[in-house]
Amino acid sequence: MKQSVNLDTSKNSPPAHFQEDSSGRQARYDHRAIEAKWAKIWKDTKLNEAPISSGIDPSTMLRIRPLRPYYNLMMFPYPSAEGLHVGNMYAFTGSDIFGRYMRMKGYDVFEPIGLDGFGIHSENFALKIGRHPMDHAVITEKNFYAQLSKIGAMFDWSRTVETYNPNYYRWTQWLFVQMFKQGLAYRAKASVNYCPSCKTVLADEQVIDGLCERCKSVVEKRLLEQWFFRITTYAERLLGNLDGMDWTEKVKIAQKNWIGKKEGIEIHYPVKDTKEEIVCFTTAPVNFGMTFIVISPQHEFVAKIVRGEIAVSKEKSKEIAEYAQACAKRKKEVGEKEKTGVNTGLFATNRVAGWDVPIWISDFVVKEVGTGAVQGCPAHDTRDFEFARKFGLPIKRVVMGPDGDMSEVDTVGKVIVHGMNGTMVNSEFLNGLPFEEGLQKTMDFVEKKGWGKRVSTYHLRDWLISRQRYWGPPIPMIYCGKCAKVGKGEKNDMPGWYSVPEKDLPVVLPRIEDYKPGDDGIAPLAKHKEFFNVACPSCGSAARRETDVSDTFLDSSWYFLRYPSVGNIKSQSPNPNTQQGSNLQSPITNDQQGMKNSKNTSMLSEAKSSGLEIGDWKLDIPWNPEVTRQWLPVEMYTGGAEHSVLHLLYSRFIWKALRDWGYLDFSGEAGPRLARQDPASQDSAWDEPFSTFFAHGLVIKDGSKMSKSKGNVVNPDEYIATYGADALRIYLMFMGPFSQGGDFRDSAMEGVSRWLNRVWRIVTTSIHNTQSPISNAQHFALLNKEGSGEKIAKALNKLVKKVGEDMEHRRYNTAIASMMEFTNLVADARLLALQQGDSARQEGGALAVDQAQVLVKLLAPLAPHLAEEMWELLNQPSAISRQSSDKTGELKEIKSETTHYPLRTTNYISVHIEPWPEVDESILAEDEVTVAVQINGKTRATIVTSLATIKEESAFVSLCQSDGRIKKYLDGKTIVKTIVVPGKLINFVIE
RNA sequence: GCCGAUGUGGUGAAACUGGCAUACACGCAGCUCUCAAAAAGCUGUGGCUAUAACAAGCCGUGAGAGUUCGAGUCUCUCCAUCGGCACCA
């Protein structure tokens with residue numbers, strides 16, 4: 001099937017590509033040879049290395065024209081499984097096509113790739129297959145990079161990032177230190193999510209339906225002391241920017257919902273016979289219908305009762321303590337609604353209404369939500385209603401339904417909740433007001449009396465950052481018990497805690513063999529004295545390192561800032577590519593060192609040498625400020641919507657924090673990247689790391705998500721081997737809209753492959769035209785005889801427009817479809833020539849060489865290898881006879897010292913840096929149009945006519961009326977109305 | 001329960017601003033080439049009615065209403081599927 005081209009061409013016979021060979025085969029392109037050939041040439045000529053350092057071309061070290069940076073980023077994969085998933089390839093291909101398109105549009109496109117290899121995902125997989133995570137990282141890195149280099153993406157391999165490389169996580173730790181110094185990192189005892197299977201705590205965002213995001217175990221609540229980042233401080237800014245951002249809408253909505261801003265009021269209720277008060281948060285203070293208060297079992301008030309600080313009877317105290325304890329232990333099922341509770345016997349005063357209400361405790365009230373205390377208004381809140389029903393508390397209607405309903409609220413259906421229409425009743429000074437107005441007036445009243453204050457609450461919680469695991473960056477903190485005793489510490493509010501001095505970073509993750517998480521919730525590193533024993537940076541006495549590691553999402557929250565600065569460590573290095581070697585052989589592989597590493601010997605010096613010896617930039621931050629000024633923010637970010645409230649939110653938070661601390665400075669002389677930004681919106685644009693975010697769809701198989709358990713995971717390798725990366729790329733994009741994903745089916749893959757071979761034949765046939773006695777002009781004239789030449793020229797011009805528009809919107813599926821339509825048209829024209837017995841054109845194709853060149857350019861972002869091969873043939877027709885020999889060596893001297901572009905020689909420029917074809921507006925206009933003729937909105941005929949005819953509207957209308965197919969409908973009827981849509985349709989409304 | 005998305009042939013899907021519904025492809029059927037197969041190519045392919053054939057007619061975008069000369073597209077009410085959030089006060 002994958003027949004390579006027969007090259008045994010005797011001098012005078014036509015080239016092999018469009019001839020059947022002796023065995024009757026027709027040519028198919030040899031994807032193996034072509035893809036290998038160009039992958040090598042692109043690599044050798046550094047075609048895909050972005051001129052990061054102010055327009056220095058890496059292949060020549062010459063300055064090219066002014067830099068036009070375009071940062072095209074895709075989410076880096078976490079290499080947890082055996083290899084690259086077709087879903088990864090789908091995402092990368094869609095992103096890469098756009099990057100390639102932008103490059104042809106004249107931008108200097110930077111398209112990096114890396115591995116998100118630290119974290120629970122990778123560690124769990126390593127545990128499962130029983131391989132040390134450090135060894136596993138080395139293997140997956142090799143495998144992933146090998147696979148990734150085959151998919152035809154324009155990755156800049158000179159600037160990869162691996163999160164587990166000490167050169168990288170040194171800076172992740174640096175980021176943690178900054179967080180601490182700025183007061184955004186703190187330790188707190190809190191009720192946290194704990195996964196008993198992964199044996200670690202999880203962030204709220206990592207709990208899905210009450211289950212662990214990774215292993216699907218039921219997550220428990222535990223009261224533990226952990227590290228947090230104060231993301232909530234940024235809630236308002238994270239929310240505020242969303243509106244103006246060019247992001248996929250559903251992702252913005254998901255973030256908005258996750259931040260979950262709610263406006264309401266906190267009302268203070270004095271507890272009778274005590275000095276205590278309970279504060280309730282509510283968005284709907286229906287105080288005249290308030291008949292009780294419910295507080296969470298974790299509420300401080302409950303603790304005070306249990307401790308005896310609030311006087312209740314002994315029995316009560318015991319009952320309450322037991323209930324609180326039971327709640328803490330019990331795992332609640334998802335969606336469990338059955339109410340439980342216990343009465344404290346205490347009362348609080350509802351000062352608005354002037355009566356006392358009982359105080360209850362129930363676990364339907366969550367400590368973290370609002371104030372952990374709810375004012376029970378059972379007639380106007382369904383949960384309060386259910387609670388009141390269960391415990392026989394009074395239900396008092398204070399809102400009349402829109403239909404005048406004043407009956408007793410005795411079913412959930414009758415509960416009128418906040419947001420519904422209604423009128424206040426039984427509410428003294430509120431009577432007669434609409435529901436919403438009544439609530440506002442109540443708030444005014446409460447504030448005026450000084451009983452409470454309007455506040456906003458957020459669903460967003462602080463980011464739980466510590467993990468009791470092994471495979472992550474050790475949190476760079478030191479605890480000194482001695483300092484703690486005397487209340488000393490780096491921060492006043494955290495006695496005993498010191499950040500690791502920046503000069504001592506990284507705190508290297510040592511290779512240990514007992515890396516499995518323990519049942520006791522204690523981190524693996526906590527068992528290694530040689531790791532955690534350290535001198536206090538302040539007093540010098542024996543202190544202890546933090547043994548938790550940080551969350552993976554911290555690694556990925558800033559990686560895009562690092563990419564452009566990799567390889568710019570020494571900005572004038574004659575060979576920026578030297579970085580790559582050190583990445584692939586990260587010091588981790590040097591595992592003989594074992595525990596020696598914990599003393600920060602070789603790894604540290606390695607990290608330091610790459611980090612501290614800086615040419616023209618003082619390294620105290622992880623990126624080159626000048627490079628960052630030029631290339632960031634990321635202009636286009638492509639990734640999955642599943643990261644809506646995780647990675648995408650964290651990255652925004654980290655970016656804003658870094659900017660506030662002055663580490664990201666875009667002011668001053670605007671570089672070309674910034675010059676494109678509208679000055680008015682510059683500041684808000686700089687406040688976001690990703691100018692545009694595009695959420696791609698998911699590849700599914702047989703109607704369901706691919707997963708190992710279902711056994712429907714597709715490995716791209718075998719498809720690349722059979723059909724080639726180009727064919728797979730096109731198939732993946734042709735499945736459906738990139739924004740929506742699609743259903744992967746083998747059979748459809750075959751069709752795409754067939755089409756690419758058709759394109760190959762059409763293009764190579766057009767080359768033959770230049771070699772045959774017929775010149776381009778003659779060829780064109782011949783075709784014109786029956787009009788197909790002109791038809792094709794017009795169709796091609798329209799195609800350029802259509803494909804360009806589709807590229808802009810990443811509608812690759814329709815771009816491909818319209819290219820198929822075009823090649824069908826070309827095939828038809830050729831067939832016509834054959835039928836007419838025109839021997840010249842039988843041998844030739846229907847496409848002139850310059851037309852074939854346009855077609856190849858349009859195809860280039862989608863099928864980069866094949867397009868490049870055809871481009872070479874089109875520009876060096878004499879090379880045809882030798883092209884498919886495997887003599888790639890002859891292209892070695894392709895790099896010329898006299899030019900500034902890679903791959904540019906006197907006679908060859910890579911198609912991928914050719915300018916995107918222009919639309920010729922002058923021939924875009926049709927002079928012939930098809931008009932639909934309708935009777936009462938139903939199409940009865942179509943009329944093909946010239947534009948000139950249509951201009952004379954009245955004449956055209958009568959022309960349509962007299963058409964035989966129409967006339968029969970009009971006979972004996974009156975035309976009530978005639979609607980003319982110029983150039984499109986005519987509608988006669990009759991009778 | 002709330003938020004979001006999606007519903008179009010046997011299948012993946014087009015129709016972007018209301019204007020010829022089903023582009024493009026898969027599959028299927030028939031044919032050409034061939035000793036044969038593969039490859040390649042050609043023709044047909046929404047449903048129903050109907051015809052020797054050429055025609056022709058009606059129905060048709062999850063269901064039902066509405067707006068409009070005209071609705072896959074806009075409005076309303078449902079139904080189904082898939083994602084996300086969820087006792088959020």
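In what follows, chains are A, B, ... by sequence order, proteins preceding strands, each numbered from 1.
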Colleague: Reading nucleotides 20-26 of chain B from the 5' end, what letters show protein touch, with B for base, S for backbone sugar-phosphate only, - for no heavy atom under 4.0 Å?
Modeller: BS-BBSS

Colleague: Apply the syn/anti split at 90° from 0 to rG9(B) and say which one it is.
Modeller: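 Glycosidic conformation of rG9(B): syn.
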
Colleague: Return the set of residues passing salt bridge (Lys or Arg N to Asp or Glu O under 4.0 Å) with R758(A) (not counting sequence neighbours), or none when no residue passes.
Modeller: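 Once residues adjacent in sequence are excluded, R758(A) has no partner under the salt bridge (Lys or Arg N to Asp or Glu O under 4.0 Å) criterion.
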
Colleague: Just say parallel, tilted or perpendicular for the rings of H696(A) and Y90(A), cut-offs at 30° and 60°.
Modeller: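 Aromatic pair H696(A)/Y90(A) classed perpendicular.
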
Colleague: Would you write out the dot-bracket form of RNA chain B, 5' to 3', with Watson-Crick and G-U pairs under 3.5 Å, [ ] for crossing pairs, | for pairs to other strands and . for unpaired bases?
Modeller: (((((((..(((......[....)))((((((.......))))))((((......))))..(((((..]....))))))))))))....

Colleague: Can you tabulate the close N/O pairs, meaning under 3.5 Å, that link protein atoms to atoms of nucleotides 56-59 of chain B?
Modeller:
from    : atom 1 : to      : atom 2 : distance (Å)
rG57(B) : OP1    : Y969(A) : OH     : 2.5
rC58(B) : OP2    : R940(A) : NH1    : 3.2
rC59(B) : OP2    : K938(A) : NZ     : 3.3

Colleague: Determine the interatomic distance between C1' on rU81(B) and the same-named atom on rA63(B); round to the nearest Å.
Modeller: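 The same atom, C1', in both gives a distance of 15 Å.
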
Colleague: Partners of K453(A) by salt bridge (Lys or Arg N to Asp or Glu O under 4.0 Å), sequence neighbours excluded?
Modeller: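 K453(A) satisfies salt bridge (Lys or Arg N to Asp or Glu O under 4.0 Å) with no residue once adjacent residues are dropped.
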
Colleague: Please name all residues satisfying side-chain hydrogen bond (donor to acceptor under 3.5 Å, both in side chains) with E642(A), sequence neighbours left out, ordered by chain then number.
Modeller: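 Result, side-chain hydrogen bond (donor to acceptor under 3.5 Å, both in side chains) vs E642(A): none returned.
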
Colleague: So does H268(A) have more than 12 non-hydrogen atoms from other groups sitting under 6.0 Å from NE2?
Modeller: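 For H268(A), atom NE2 is crowded (more than 12 foreign heavy atoms under 6.0 Å).
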
Colleague: Can you tell me how far C1' of rC69(B) sits from CD1 of I979(A), to the nearest Å?
Modeller: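 Value for this atom pair: 3 Å.
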
Colleague: Quick check for you: among rC16(B), rC69(B), rG12(B), whose closest atom lies nearest to any side-chain atom of D743(A)?
Modeller: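 Closest nucleotide to the D743(A) side chain: rG12(B).
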
Colleague: Can you tell me how far P of rA14(B) sits from NZ of K802(A), to the nearest Å?
Modeller: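 Checked: the NZ to P distance equals 10 Å.
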
Colleague: For atom C1', what is the distance between rG60(B) and rC48(B), given to the nearest Å?
Modeller: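 Here rG60(B) and rC48(B) have their C1' atoms 10 Å from each other.
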
Colleague: List in chain and number order the residues that pass salt bridge (Lys or Arg N to Asp or Glu O under 4.0 Å) with K396(A), two or more places apart in sequence or in another chain; answer none if no residue qualifies.
Modeller: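 In terms of salt bridge (Lys or Arg N to Asp or Glu O under 4.0 Å), with neighbours along the sequence ignored, K396(A) is linked to no residue.
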
Colleague: With sequence neighbours excluded, tell me which residues meet side-chain contact (heavy atoms from CB on, under 4.5 Å) with N287(A).
Modeller: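 Only I267(A), Y269(A), P285(A), M290(A), N350(A), V352(A), Q375(A), T442(A) meet the side-chain contact (heavy atoms from CB on, under 4.5 Å) criterion with N287(A).
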
Colleague: Test of understanding: with salt bridge (Lys or Arg N to Asp or Glu O under 4.0 Å), list the residues that count as partners of E805(A), not counting sequence neighbours.
Modeller: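 Salt bridge (Lys or Arg N to Asp or Glu O under 4.0 Å) check on E805(A) returns K801(A).
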
Colleague: Report the nucleotide, chosen from rA89(B), rC69(B), rC87(B), that has the shortest atom-to-atom distance to any side-chain atom of K977(A).
Modeller: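 Nearest to the side-chain atoms of K977(A), counting from C-beta on, is rC69(B).
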
Colleague: For the P atoms, the ones on rA80(B) and on rU43(B), what distance do you get once it is rounded to whole angstrom?
Modeller: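 That atom pair is separated by 45 Å.
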
Colleague: Select one nucleotide: of rG41(B), rC69(B), rC87(B), the one nearest the side-chain heavy atoms of F364(A).
Modeller: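 The nucleotide sitting nearest to the side chain is rC87(B).
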
Colleague: Is there a side-chain polar atom (N or O) of K262(A) under 4.0 Å from OP1 or OP2 of rA89(B)?
Modeller: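 The answer is yes; a side-chain N or O of K262(A) sits under 4.0 Å from OP1 or OP2.
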
Colleague: To the nearest Å, how far apart are E386(A) CD and rC87(B) C1'?
Modeller: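 One finds 8 Å between C1' of rC87(B) and CD of E386(A), rounded.
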
Colleague: Tell me, please, which residues at least two apart from V800(A) pass side-chain contact (heavy atoms from CB on, under 4.5 Å).
Modeller: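 Counting only residues at least two positions away or on another chain, V800(A) forms a side-chain contact (heavy atoms from CB on, under 4.5 Å) with V854(A), L858(A), P917(A), V919(A).
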
Colleague: Sequence neighbours excluded, which residues qualify as side-chain contact (heavy atoms from CB on, under 4.5 Å) partners of V455(A)?
Modeller: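 side-chain contact (heavy atoms from CB on, under 4.5 Å) list for V455(A), sorted by chain: E266(A), F281(A).
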
Colleague: State which residues pass side-chain hydrogen bond (donor to acceptor under 3.5 Å, both in side chains) with E236(A); sequence neighbours excluded, sorted by chain then number.
Modeller: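 By the side-chain hydrogen bond (donor to acceptor under 3.5 Å, both in side chains) rule, E236(A) matches K261(A), Y458(A).
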
